[in-house]
Number of protein chains: 2
Amino acid sequence: MARKTGSRSEITGPRVQAAALHLFAAEGYAAVSMRRIAQEVGVQAGALYLYTSDKQSLLYDLMQSHMTELLEAWRQVAAVGSPLERLRAFNRFHIFHHLDRPEAVFVAYMELRNLSPENFTRIEALRGRYEAELESILKAGQQAGQFDIPDTKLATMALIAMLTGVNTWFRQGGRLSRERVEAIYWDMVRKAVGA
Amino acid sequence: MARKTGSRSEITGPRVQAAALHLFAAEGYAAVSMRRIAQEVGVQAGALYLYTSDKQSLLYDLMQSHMTELLEAWRQVAAVGSPLERLRAFNRFHIFHHLDRPEAVFVAYMELRNLSPENFTRIEALRGRYEAELESILKAGQQAGQFDIPDTKLATMALIAMLTGVNTWFRQGGRLSRERVEAIYWDMVRKAVGA
DNA sequence: GTCTATATGCTGATAGAC
DNA sequence: GTCTATCAGCATATAGAC
């Protein structure tokens, strides 16, 4: 603990990422200094540049990892079956995946404007791919006559906003369990698409 | 235009607020300096302190005005009538009011963490009052047997997140008019509450 | 009411010792 | 791999001239 120097590259890198995520989520990218991140990790500011080329990369890497992990995790569970079953799987996946990593979700939504133009474009492309996953479910249900949706693109945006909103108010140990929240949102989602 | 000094207190104050709103929305509170705001207004940085005690007050005043105006505007249109009619009025009001002032809405949602603890508490109280307006409509419809809602508190949060989300993707002159968006969201809202 | 000048301190990033 | 020292610049806020 009192150790001030030493060779610990195998763990310091991830700790830099973790500290940046934690601080960016709590105080915002622009409000957090490199010195503050270094302090959280327990190194001097200069040492951070062994693990990231600059502050912008630190933010981009966090957001890129988050979006990639989101898409990959969905691919693992992306249900086959009827559109209704697939929509139910999406509802469950989105709520649980987002509740499991509130800091990454918060940063991914709040810090978009602090990305460089090139990095912003890359992250938006990943977000578009995730939205397309939901829209394909809605289109399939609409074509099969199982859903009644006036506009699948708007329904996609509406449902994602509604589901992501859970992160803003859900508190562990609160009035409702995650499973109960999932069930209640499923009821509203199902009705909203006319199923 | 080339005028560098002079007495224009009656317009400089509002211009400071407008510049702060514009810049905070575009770049974020923490990323915007007082010098930058002064530059936008066309005065020196020191002159800003004639119109605000400090940077924090600039942010708080913007958010407080926004929330107060939101509550007051709703009070003007808050429909009497059946719960279904009142919900339809809320749907319309929320979408249009928010689309009319995207910068204020954006700042009010994104900069909460940059408020001092006392100011945060005050803003959250105003937000709670607005949410209570919607929840009272949902409760009335539920009690009258006209809605079918598993949990009115969650439905309140879900619907507000969904409606506010319009601001993140709606672009003037895009594929859909505001009226069409309102109609499509009303279809989804109505179905979601089981009406 | 606005200006200039200034105080005090923090910023991202780099160079070079160890 | 981490440290210390440093650069050049910008931050908020205030004092006092005009």
Side-chain angles (χ1 to χ4, degrees), chain A residues 1-24 26-63 107 111 113-119, chain B residues 1-21 23-24 26-62 107 111 113-119:
Chain A
M1 279 303 168
R3 178 179 192 172
K4 278 193 184 163
T5 69
S7 172
R8 307 203 283 175
S9 68
E10 71 284 357
I11 60 165
T12 302
R15 272 163 50 77
V16 169
Q17 296 280 327
L21 174 61
H22 185 63
L23 289 170
F24 289 169
E27 302 173 24
Y29 174 79
V32 173
S33 67
M34 294 297 272
R35 279 175 180 76
R36 188 107 164 59
I37 296 169
Q39 186 181 38
E40 187 94 349
V41 174
V43 298
Q44 295 295 317
L48 294 181
Y49 292 87
L50 294 167
Y51 306 99
T52 185
S53 57
D54 53 21
K55 195 185 176 192
Q56 169 70 203
S57 293
L58 216 41
L59 177 63
Y60 173 70
D61 289 346
L62 287 174
M63 294 177 71
V107 168
E111 303 297 353
R113 64 182 162 192
N114 286 311
L115 289 171
S116 69
E118 309 80 38
N119 287 341
Chain B
M1 278 300 170
R3 180 177 189 173
K4 280 192 182 163
T5 68
S7 174
R8 308 203 284 176
S9 68
E10 70 284 357
I11 60 164
T12 302
R15 274 165 47 78
V16 169
Q17 297 280 327
L21 173 60
L23 289 170
F24 290 168
E27 302 172 23
Y29 174 79
V32 173
S33 67
M34 294 297 272
R35 277 177 182 77
R36 189 105 166 59
I37 296 169
Q39 187 181 37
E40 187 95 351
V41 174
V43 297
Q44 296 294 316
L48 294 181
Y49 292 88
L50 293 168
Y51 307 98
T52 184
S53 58
D54 52 22
K55 195 185 174 190
Q56 169 69 204
S57 293
L58 215 41
L59 177 62
Y60 173 71
D61 290 346
L62 288 174
V107 168
E111 303 297 353
R113 63 182 163 192
N114 286 312
L115 289 171
S116 69
E118 309 78 42
N119 286 343

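The chains referred to below are lettered A, B, ... by the order of the sequence lines, with proteins before strands, and numbering in each begins at 1.
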Using a cut-off of strictly less than 4.0 Å, decide whether A:T12 has a side-chain nitrogen or oxygen near OP1 or OP2 of D:dT2. yes
If the cut-off is 4.0 Å, is B:S33 near the phosphate of D:dC10, judged by side-chain N/O to OP1 or OP2? no
Protein-nucleic acid N or O pairs under 3.5 Å, nucleotides 13-17 of chain C:
{"residue": "C:dA13", "atom": "OP2", "partner": "A:Y49", "partner atom": "OH", "Å": "3.0"}
{"residue": "C:dA13", "atom": "OP2", "partner": "A:K55", "partner atom": "N", "Å": "3.2"}

Donor-acceptor contact below 3.5 Å, side chain B:Y51 vs main chain B:L58: no
Separation of A:Q44 atom CD from D:dT6 atom P, in whole Å? 15 Å
Enumerate donor-acceptor pairs with a distance under 3.5 Å from any side-chain N or O in residues 33-40 of chain A to protein atoms, sequence neighbours excluded.
{"residue": "A:S33", "atom": "OG", "partner": "A:R36", "partner atom": "N", "Å": "3.1"}
{"residue": "A:R36", "atom": "NH2", "partner": "A:E27", "partner atom": "OE2", "Å": "2.8"}

Measure the CD-OH distance between A:Q44 and A:Y49 for me, rounded to the nearest 0.5 Å. 13.0 Å
Value for CG (A:L21) from CG (A:L59), rounded to nearest 0.5 Å, stands at 10.0 Å
Figure out the CG/P separation between A:L59 and C:dG12, and round it to whole Å. 13 Å
To check you understand the geometry: which heavy-atom pair defines the closest contact between B:S57 and B:T52, and what is its length? CB-OG1, 3.6 Å
Nearest whole angstrom, please: distance from the P of C:dT4 to the CG of B:L48. 14 Å
Measure CD1/A:I37 against C1'/C:dT11 and give the value in whole Å, please. 12 Å
Round to the nearest Å and state the distance from A:L23 atom CG to C:dT11 atom C1'. 16 Å
In whole angstrom, what separates B:R36's CZ from C:dT11's P? 20 Å
List the residues meeting side chain to side chain donor-acceptor pair (under 3.5 Å) with A:E111, not counting sequence neighbours, and say none if there are none. A:N114, B:R113
